[in-house]
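Both ligands and their constituent atoms are indexed starting at 1 by order of listing. Computed from heavy atoms alone, side chains included, the values below leave out hydrogens, waters and symmetry copies.
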Amino acid sequence: MANKERDSFGSRFGVLVALAGSAIGLGNLWRFPYLVGNNGGAAFIIMYVIFVIFLCLPIMVSEFVIGRRTQANVFGGIRRIAPKSAWPIIGILSVAAVIFIMAFYFVVGGWTIEYILKSFSASFLASDNTALASFFGEFISSPVAPAIMMLVFLGLTALIVVAGIKDGIEKYSKIMMPGLFLLIIILCVRSLTLPGASEGVKFLFSPDFSKLRPDSILAALGQAFFSLSLGMGCMITYGSYIAKKENLIHMSFITAGADTLFAILAGIAIMPAVFAFGMPPAQGPGLVFIILPQIFAQMPLGNIFSIAFFVILFVAAITSAISMLEVVVAYFMEELKMSRRTAVIVTCVIVAILGSLSSLSQGTLKDYTLFGKSIFDIFDYTTSNIMLPVGGLFIVLFVGWKMKRSDVLDELTSGGTIPFKRNILDVTMFCIKFLAPVAISFVLLNSIGLIKFF
Ligand code: PHE
């Protein structure tokens, strides 16, 4: 059912900014810096980049292949290729994974709005360090305010998604993504020109492998999946809106390249400032919400930099949030025959309920834990470290072993119109068929404790 009316991206630039918009998000600005901080700096970054190149690129290419080949959502696409089999279960798991991600992601999206508003008030940054630290704790643990901010964030995301692919997602990404790069570069310059910044640069770029912890490997793998929006159907869904003539291998490189570049820029914007002000880098999730405001408070023109930083965080978050919502919306529209508007509303209700629970788990519901983790942490940890790698594993197995090789090659070469060197295609297929599945399985089995390699 490749119907003519199916919405799609209108231009190559539009596709690329939308893909980069999905990939670049809180993962780069909030998760990556604190994971780097907690896992010893440069050594973690090197491992991360290796995972991106050898494992994530093949998965991204595979997701694009499924999406564009079938012109359908994550479930419908897989079912079209393998009807009457168990493979479409991957689609259901993907939709579940993305709903779980939204359950905590939109809460943090709400925090970014609160911090933009706060940065405008002169008194906020005039507070001392203890007050700034306790503000964060008090804000996220209060029952109502963060939930309202989450709903505002959800509402804004819904407004973009309801407008569709070309007139919503593409249009807004084209405006927001270039601005995002410009702003982060300004912050990098500010951070690098602070006296004492070089310690932070050293932390980011000179590796000390003894600082890696046993769980750092899984954390790096999970982060790579999360940051590139892989393993939960997002790139399948976006892939289904990409024009037939586009080169999927190139698009994967550009998307992964832009995302990794942005993660490093985020590190450069944050770590040198953290070191210059003598702050601790291993601060966990509070790093950007506690430590950075303390730094802005001591900086000349701190308010301006604070506004700029939290606007960056918000824009990065919302361009990712729309891609998550779209996965579920496309699924509801195509599988349950809902209109776009109804699908958006239904999805928003689900996210509002789960998001409220995870927001409340920072305070009122904090005693409800599983394995010592709050509801919020469970959504965060299980999606990145388990559901996304498992999803990615099945995707490469599906494209490598279930799809016909000739169909995959036909899609990669856009029906033979893109003249690839033979060995580029061979290497791509080798990574999809063997390297990625074996390596992901090892890391997963190792971290469940079934086998011990490292
Ligand atoms: N890649 C996004 C980020 O780095 C998060 C994301 C995950 C987006 C899954 C879509 C799907 O913030």
What's the shortest distance from [atom] to any protein heavy atom, and which residue and atom give it?
| atom | value |
| --- | --- |
| atom 4 (O) of ligand 1 | Ala23 O, 2.9 Å |
| atom 2 (C) of ligand 1 | Ser22 O, 3.3 Å |
| atom 5 (C) of ligand 1 | Phe226 O, 3.5 Å |
| atom 12 (O) of ligand 1 | Tyr105 OH, 2.6 Å |

Is any N or O atom of [X], backbone or side chain, closer than 3.5 Å to an N or O atom of ligand 1?
| X | value |
| --- | --- |
| Ile24 | no |
| Leu26 | yes |
| Cys234 | no |
| Ser227 | yes |
| Met324 | no |

Donor-acceptor under 3.5 Å (Ser374 side chain, Tyr368 main chain): no
Contact with ligand 1 for Trp30, non-hydrogen, under 4.0 angstrom: no
Salt-bridge criterion met for Glu326 and Arg340 (N-O under 4.0 Å):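 Judged by the 4.0 Å cut-off on N to carboxylate O distance, Glu326 and Arg340 do form a salt bridge.
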Under-4.0 Å salt bridge between Glu335 and Arg79: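 Yes, charged N to carboxylate O under 4.0 Å.
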Check: Trp401 ring centroid to Phe434 ring centroid under 6.0 Å: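 That pair passes the under 6.0 Å test.
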Minimum heavy-atom distance between Ala197 and Leu192, given as atom pair plus value: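 The answer is CB-O, 3.6 Å.
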Proximal atoms of ligand 1 relative to Ser323 (non-hydrogen, under 4.0 Å): 10 (C)
Residue Met232 vicinity, atoms of ligand 1 by number, heavy atom under 4.0 Å: 9 (C), 11 (C)
Heavy-atom side-chain contact between Ile45 and Ile264 under 4.5 Å: yes
Parallel, tilted or perpendicular: ring planes of Phe104 versus Trp30, cut at 30 and 60 degrees: tilted
Qualifying residue for ring pair (Phe, Tyr, Trp, His ring centres under 6.0 Å) with Tyr48, from Phe54, Phe225, Phe32: Phe32
